[in-house]
Visitor: 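Quick one: this structure, given as structure tokens, is what I'll be asking you about.
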Amino acid sequence: MRYLQAKHILKRYSMLFKAYNLIIESDFDLKLPEVKGENPDIYFRKGEFSIENYKKTKIFRAGIQARVGLTEKEYFINWPEVCTFLAHNGKYIEYVKLQNNDDFFRLFAVSEALGLILQQQGFFLLHGSAVKIGNKATIFIGPPGAGKSTTVAAFAKAGYTVLSDDLTAIRIDENGIPSVMPAYPEVKIWQKSVVNLEIEMLSLEPSFEGNTKFLFRQNPELFPQIAVELSEIIILQKPYSKKKSEIPLVHIPIELLKYYPLPHQILQNESLKRHFDNALKIGRQVSVRRMNRPKNFEKLLTFVRNFE
């Protein structure tokens, strides 16, 4: 019944956006790049639904722990007193707002909520950021505190295009070649990075993820409109880590599983098998290696200048 209802109300949508190379038709202003005259891939709308059997996850957004609910074809994700999303059929995202701050709500809508649909559409997802270097993409992942956000901010400061920030989607084509889907031209930057990288405050906006993060918007006209072939995946570590090495192919699925950005309850049975298979496909094509992050901001800027 819900699917029939969703189909019936499509005429109410009024805005078209683009993210991850997908067209999103929405009844809420997601503040993503707008497009006109395109056929939607995803429908984002206000809904009415509920589920009782939520489970706690390891996902936190703005300090709030997410809960997840699953059925055979539906993914629910809830942040208590903030919002709930339902993703189904790889095409529809329905939402319930539990508070009135639209900018705060958007923070959740363009992160894990989109991730649920990307998962249903078969993309390989990583909690990390991708930077376009030359004609290819490099993905930076790593544990909390490893310096992912600061490293990516340094690349943005140097004029590189950040293809995705926090949630990266990889497409694997029929020849097994992995490519990064350009998300949207926006980067979250820590206040400490703003100061030490000497980023102009007037170019930033509040991120609504706390008082210590800001949004840096890249030029949308220069943002790639097609997938960018993946070159390598770098697992950043703290400066004095001794685990600097290339990851053997057989270990890549387990290593990349650590950086899955959605609730791990989603990866069950066939979806878990597909995740492992795709990790191996990626590992056969590109390097996956550990690297210690630079020790300070001066060395980080030198690292960025010399990266290519």
Visitor: Can you check whether L230's main-chain N or O pairs, donor with acceptor, with S179's side chain at less than 3.5 Å?
Guide: no

Visitor: Looking just at side-chain N and O atoms, do S287 and E246 make a donor-acceptor pair shorter than 3.5 Å?
Guide: yes

Visitor: Fit a plane to each ring of Y92 and H88, take the angle between them on a 0 to 90° scale, and name the class: parallel (under 30°), tilted (30 to 60°) or perpendicular (over 60°).
Guide: parallel

Visitor: Within a strict 4.5 Å, meaning less than it, do heavy atoms of the F307 and T138 side chains meet?
Guide: yes

Visitor: Please report the closest heavy-atom contact between A130 and I139, naming both atoms and the distance.
Guide: CB-CG1, 4.0 Å

Visitor: Is a side-chain N or O of Q218 found less than 3.5 angstrom from the main chain of G159, in a donor-acceptor match?
Guide: no

Visitor: Let me confirm one number: the CD1-CG distance from I282 to D277, rounded to the nearest 0.5 Å.
Guide: 11.0 Å

Visitor: Do we get K148 above F140's six-membered ring, with its NZ or CZ under 6.0 Å from the centre and within 45° of the axis?
Guide: no

Visitor: If we ignore hydrogens and angles and just use 3.5 Å, is the side chain of S111 paired with the main-chain N or O of F108 as donor and acceptor?
Guide: yes

Visitor: Quick check: are there more than 12 heavy atoms from other residues, nucleotides or ligands sitting under 6.0 Å from CD of Q268?
Guide: yes

Visitor: With a 6.0 Å cut-off (strictly less than), is the heavy-atom count around NZ of K31, excluding the residue itself, greater than 12?
Guide: no

Visitor: For a salt bridge (Lys or Arg N to Asp or Glu O under 4.0 Å) check, start with the C-alpha distance between R106 and E186, then their side-chain angles and the critical distance, and finish with the verdict.
Guide: CA-CA 13 Å; R106 175 185 175 272; E186 183 178 289; 2.9 Å; yes

Visitor: Does the side-chain contact (heavy atoms from CB on, under 4.5 Å) test come out yes or no for I177 and I172, once each step is laid out?
Guide: CA-CA 5 Å; I177 305 300; I172 303 173; over 6 Å; no

Visitor: Is the distance between the ring centroids of F28 and F105 less than 6.0 Å?
Guide: yes

Visitor: Quick one: pull up CG in L267 and NE2 in H275 and give me the separation to the nearest 0.5 Å.
Guide: 5.5 Å

Visitor: How far does CG of L167 sit from CE of M181, to the nearest 0.5 angstrom?
Guide: 12.0 Å

Visitor: Check whether any side-chain heavy atom of I141 sits under 4.5 Å from a side-chain heavy atom of I234, and report yes or no.
Guide: no

Visitor: Quick check: do F104 and Q99 have side-chain heavy atoms less than 4.5 Å from each other?
Guide: yes

Visitor: Which heavy atom of T150 sits nearest a heavy atom of L197, and at what distance?
Guide: O-CD1, 4.2 Å

Visitor: How many angstroms lie between atom CD1 of I24 and atom CD of E34, to the nearest 0.5 angstrom?
Guide: 11.5 Å

Visitor: Any side-chain heavy-atom pair from E255 and I252 closer than 4.5 angstrom?
Guide: no

Visitor: Take M15 and D29 through the side-chain contact (heavy atoms from CB on, under 4.5 Å) test and state the conclusion after the steps.
Guide: CA-CA 7 Å; M15 290 168 280; D29 187 359; 4.0 Å; yes

Visitor: Looking at N39, I'd like to know if its CG atom is crowded, meaning that more than 12 non-hydrogen atoms belonging to other residues, nucleotides or ligands lie closer than 6.0 Å.
Guide: no

Visitor: Which distance, rounded to the nearest 0.5 Å, do you find between the OG1 of T84 and the CG of N78?
Guide: 3.5 Å

Visitor: Let me see the working for F17 and F44 under ring-ring contact (aromatic ring centres under 6.0 Å, His included), right down to the final yes or no.
Guide: CA-CA 10 Å; F17 303 100; F44 185 94; 9.0 Å; no

Visitor: What are the two closest non-hydrogen atoms of L16 and P40, and how far apart are they?
Guide: CD2-CG, 4.1 Å

Visitor: Using every non-hydrogen atom in the two residues, find where V152 and S129 come nearest and quote the distance to one decimal.
Guide: CG2-CB, 3.4 Å

Visitor: Any donor-acceptor pair under 3.5 Å linking the side chain of S193 with the backbone of I189?
Guide: no

Visitor: Does a sphere of radius 6.0 Å around CG in N219 hold more than 12 heavy atoms from other residues, nucleotides or ligands, not counting ones at 6.0 Å or beyond?
Guide: yes

Visitor: Specify the closest pair of heavy atoms between P253 and A279, including all atoms of both residues, with the distance to one decimal.
Guide: CA-CB, 3.7 Å

Visitor: Examine distances only and state if a side-chain atom of D41 and a backbone atom of I23 form a donor-acceptor pair shorter than 3.5 Å.
Guide: yes

Visitor: With the side chain counted from C-beta on, respond yes when Y259 and P143 share a heavy-atom pair under 4.5 Å apart, and no when they do not.
Guide: yes

Visitor: Less than 3.5 Å apart, any donor N or O on the side chain of Y95 or D27 sitting next to an acceptor on the other?
Guide: yes

Visitor: Indicate whether any N or O donor in one side chain lies under 3.5 Å from an N or O acceptor in the other, for S271 and R274.
Guide: no

Visitor: Could you see if L300 belongs to whatever hydrophobic cluster contains I199? Use Ile, Leu, Val, Met, Phe, Trp, Tyr and a side-chain cutoff under 4.5 Å.
Guide: yes

Visitor: Are any side-chain N or O atoms of N292 and backbone N or O atoms of P239, one a donor and one an acceptor, separated by less than 3.5 Å?
Guide: yes

Visitor: More than 12 foreign heavy atoms under 6.0 Å from CZ of F60: is that the case here?
Guide: yes

Visitor: Are F276 and I170 co-members of a hydrophobic cluster defined by side-chain heavy atoms under 4.5 Å apart?
Guide: no

Visitor: Less than 4.5 Å apart, any side-chain heavy atom of F76 and any of E94?
Guide: no

Visitor: Using a 6.0 Å cut-off, check whether atom CZ of R293 has over 12 heavy atoms from anything other than its own residue.
Guide: yes

Visitor: With the side chain counted from C-beta on, respond yes when P224 and K132 share a heavy-atom pair under 4.5 Å apart, and no when they do not.
Guide: yes

Visitor: Would you check if K97 and N100 make a side-chain contact, meaning some heavy-atom pair closer than 4.5 Å?
Guide: no

Visitor: Would you say F223 ends up clustered with F155 if hydrophobic residues are merged whenever their side chains have heavy atoms under 4.5 Å apart, either directly or through other cluster members?
Guide: no

Visitor: Under 30°, 30 to 60°, or over 60°: which ring-plane class applies to W79 and F85, parallel, tilted or perpendicular?
Guide: perpendicular

Visitor: Identify whether the distance between the nearest side-chain nitrogen and carboxylate oxygen of R45 and E25 falls below 4.0 Å.
Guide: no

Visitor: Does N89 reach the main-chain N or O of K91 with its side chain, forming a donor-acceptor pair under 3.5 Å?
Guide: no

Visitor: Measure from the side-chain N and O atoms of Y184 to the backbone N and O of V110, and report whether any donor-acceptor pair falls under 3.5 Å.
Guide: yes

Visitor: Look at the side-chain heavy atoms of Ile, Leu, Val, Met, Phe, Trp and Tyr, link any pair under 4.5 Å apart, and say whether F49 and L98 land in one connected group.
Guide: yes

Visitor: Could you go through Y75 and L70, starting from their C-alpha distance and side-chain angles, then the distance that decides it, and tell me whether this counts as side-chain contact (heavy atoms from CB on, under 4.5 Å)?
Guide: CA-CA 5 Å; Y75 299 158; L70 304 173; 3.5 Å; yes

Visitor: Where is the tightest heavy-atom contact between P182 and I226, given as atom of each residue plus distance?
Guide: CG-O, 3.2 Å

Visitor: If hydrophobic clusters are built by linking Ile, Leu, Val, Met, Phe, Trp and Tyr wherever their side-chain heavy atoms come under 4.5 Å apart, do L163 and V288 end up in the same one?
Guide: yes

Visitor: Please determine whether side chain to side chain donor-acceptor pair (under 3.5 Å) holds for the pair Q65 and K58, giving the CA-CA distance in whole Å, both sets of side-chain angles, and the decisive distance to 0.1 Å.
Guide: CA-CA 7 Å; Q65 186 176 23; K58 296 180 180 180; over 6 Å; no

Visitor: Below 3.5 Å, can you tabulate the donor-acceptor pairs from side chains in residues 112-127 to any protein atom, sequence neighbours excluded?
Guide:
| from | atom 1 | to | atom 2 | distance (Å) |
| --- | --- | --- | --- | --- |
| E112 | OE1 | R61 | NE | 3.3 |
| E112 | OE1 | R61 | NH2 | 3.4 |
| E112 | OE2 | R61 | NH2 | 2.9 |
| Q119 | OE1 | Y260 | OH | 3.0 |
| Q120 | OE1 | G90 | N | 2.9 |
| Q120 | NE2 | A87 | O | 3.1 |
| Q121 | NE2 | G90 | O | 2.8 |
| H127 | NE2 | D166 | OD1 | 2.7 |

Visitor: Would you say K192's side chain and V194's backbone share a donor-acceptor pair under 3.5 angstrom?
Guide: no

Visitor: How long is the straight-line distance from CD of Q285 back to CG of D173, given to the nearest 0.5 Å?
Guide: 8.5 Å

